[in-house]
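Quantities reported herein were computed from a predicted structural model and do not represent experimental measurements. All residue numbers refer to positions in the sequence shown, counting from 1. FYI, side chains are in, hydrogens and waters are out, and symmetry mates aren't considered; it's all heavy atoms of this structure.
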Amino acid sequence: MVFKRVLGSLGAGGPVVDTILDREPVRPGGVVRGHVRLRGGGGACDLEHLALELVAGVEAGYGGEEREGGVVFDRLRLGGGFRLDAREHRDIPFTIHIPWETPLTEVSGQPLGVVLGVRVELAAAGAKDHGDPEPLIVRPLPVQEAVLGALGRLGFGLVAADLRLAHIAGTGQRLPFHQEIELTPAPQYLDDVNEIALTLLTGPDAMEVILEADKRGEGSGAPGRHTVRHEDLEQRDWKRDWTAEVDSWIRALIESRAAHTARDGRTSTSAAIAGVTAGTAAGGAVGSGIVAAGLGDALGNLTGLDDLGGVKGLGCAQDLGGSGPEEEDRG
């Protein structure tokens, strides 16, 4: 075992620490288990504070650089006020609850380039420092997979999934950032939109879906907003109904953008809407979308809810998504 030195300010004889996670992927609203392994240095050390932090690599605004050190989006206090003797080994187990809005790091086994981690914070002798984050893998909930899978079946391609340090007005967003999934349009929409931006804000009862359509030089217009309850998955056919539902969202979004640009005198509403209708009709058996290199057919590979345990598997995530241990520090 290679230990990661945390309190470098204490010198060569200070304590060292390692964060060890259970390596199974987690879903939003679930939990991560593991333990912090401490090893005493050359002499006894009084540990004043020990905590875990969930941290994300987030851009400081649209087009900005990643915020140095990442953004802490949850925190669990493990203890403190104890002495670690010289050469002493001590393991401290933990269970940390993952917020419902935690972004996805992979879809269909394809990494999205999103950096999430669990890191330890330790304070001793008036000094405070952080360990290196242990990577955290987060896969979609069934309700997220229902929407993403429908987009894949329609022919949309996955480009990127950036984290934005911003709040979406009018939503129930709780974290200081949100995940924006960029999609290339399906073939039937190529003449109407250059890109679709998707954000999924998930909670214990429902998920907010925010869609934006962009056409170069014409802006995006008003976003589309929809709410999907977790229980809705039990009442609708995951493939047929959700594909039709998401398709109706996209068509309404493009029509809204066309109306917005028409009011600005840049295009004809009727022509744009006719183009959407004609494109949809001509699409027939929808083929695969334009998929960015490196992400493959991640959306197209979402073939059903069975891959994640289906709706039945959601109950476990909901049970584990409570407020967490009493000692949890939400600051």
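Taking the side chain as every heavy atom from C-beta outward, Ile250 and Val193 never approach each other to under 4.5 Å. The shortest distance between side-chain heavy atoms of Leu112 and Gln179 falls below 4.5 Å. Leu148 is listed as a side-chain neighbour of Ile181, based on a closest heavy-atom distance under 4.5 Å. The closest side-chain heavy-atom distance from Phe94 to Val120 is not below 4.5 Å. Looking at heavy atoms from C-beta onward, Val143 lies out of side-chain contact with Leu200 at the 4.5 angstrom threshold. Using a 4.5 Å heavy-atom cutoff, the side chains of Asp192 and Pro185 are not in contact. Residues Phe156 and Leu198 fail the side-chain proximity criterion, which asks for heavy atoms closer than 4.5 Å. Looking at Asp232 and Trp242, their side chains come closer than 4.5 Å, going by heavy atoms from C-beta outward.
Not counting sequence neighbours, the partners of Arg83 by the salt bridge (Lys or Arg N to Asp or Glu O under 4.0 Å) test are Asp46. Judged as a side chain to side chain contact (heavy atoms under 4.5 Å, CB included), and not counting sequence neighbours, the contacts of Thr171 are His167, Ile168, Gln173, Leu201, Glu208, Ile210, Arg225. In this view, Asp22 and Arg33 satisfy the side chain to side chain contact (heavy atoms under 4.5 Å, CB included) rule, not counting sequence neighbours. Looking at residues two or more places apart in sequence or on another chain, you find a ring pair (Phe, Tyr, Trp, His ring centres under 6.0 Å) between Phe177 and Phe73. Here Thr102 pairs with nothing under the side-chain hydrogen bond (donor to acceptor under 3.5 Å, both in side chains) rule; sequence neighbours left out. For His35, the ring pair (Phe, Tyr, Trp, His ring centres under 6.0 Å) test picks out no residue, with sequence neighbours left out. Judged as a salt bridge (Lys or Arg N to Asp or Glu O under 4.0 Å), and not counting sequence neighbours, the contacts of Asp91 are Arg37. Qualifying side chain to side chain contact (heavy atoms under 4.5 Å, CB included) partners for Pro25, counting only residues two or more places apart in sequence or in other chains: Ile137, Arg139. In this structure, the side chain to side chain contact (heavy atoms under 4.5 Å, CB included) partners of Ala206, at least two apart in sequence or on a different chain, are Thr227, Arg229. Every residue two or more places apart in sequence or in another chain that forms a salt bridge (Lys or Arg N to Asp or Glu O under 4.0 Å) with Arg90 is listed here: Glu88.
Test Val36, Asp129, Leu47 against Leu122 for side chain to side chain contact (heavy atoms under 4.5 Å, CB included) and you get one pass: Leu47. Among Thr184, Asn194, Asp247, the one residue that satisfies the side-chain hydrogen bond (donor to acceptor under 3.5 Å, both in side chains) test with Tyr189 is Asp247.
Minimum heavy-atom separation, Gly117 to Pro133: CA-CB, 4.0 Å. Here the closest non-hydrogen pair linking Gly42 and Ala86 is O-CB, 3.7 Å. The shortest heavy-atom contact between Ala124 and Cys45 is CB-SG, 3.6 Å. The two atoms that bring Val72 and Glu53 nearest to each other are CG2-OE1, 3.7 Å, heavy atoms only. Scanning both residues, Leu253 and Gly224, for their nearest heavy atoms gives CD1-N, 3.4 Å. Between Glu145 and Pro140, the shortest heavy-atom distance links the atoms N-CB, 4.2 Å.
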List the steps, then state whether side-chain contact (heavy atoms from CB on, under 4.5 Å) holds for Val71 with Leu163.
-> CA-CA 10 Å; Val71 173; Leu163 304 186; over 6 Å; no
Do Gln144 and Val107 pass the side-chain contact (heavy atoms from CB on, under 4.5 Å) test, and can you show the C-alpha distance, the side-chain angles, and the key distance before you say yes or no?
-> CA-CA 10 Å; Gln144 295 170 316; Val107 172; over 6 Å; no
What do the steps show when you test Thr202 against His230 for side-chain contact (heavy atoms from CB on, under 4.5 Å), and what is the final call?
-> CA-CA 9 Å; Thr202 308; His230 295 297; 3.9 Å; yes
Stepwise, does the side-chain contact (heavy atoms from CB on, under 4.5 Å) test hold for Leu136 with Thr105?
-> CA-CA 8 Å; Leu136 185 63; Thr105 66; 6.0 Å; no
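Between the CD1 atom in Ile96 and the CD1 atom in Ile98 there is a gap of 6.0 Å [rounded to 0.5 Å]. Here Leu52 contributes atom CG and Leu78 contributes atom CG; the two are 4.5 Å apart, rounded to the nearest 0.5 Å. In this structure, the separation between CD on Glu134 and CD1 on Ile20 is 8.0 Å, given to the nearest 0.5 Å. One finds the CG atom of Leu151 at 7.5 Å from the CG atom of Leu211 (value rounded to the nearest 0.5 Å). Note that the CD1 atom of Ile92 and the CG atom of Leu50 stand 5.0 Å from one another [nearest 0.5 Å]. To the nearest 0.5 Å, atoms CD (Gln188) and CG (Leu154) are separated by 6.5 Å.
Put simply, the side chain of Glu195 never gets that close to the backbone of Glu182: no donor and acceptor are under 3.5 Å apart.
Applying the 6.0 Å contact sphere to CD of Glu24 captures no more than 12 heavy atoms from other residues, nucleotides or ligands.
Looking at His49 and Glu121, their side chains do bring a donor and an acceptor atom within 3.5 Å of each other.
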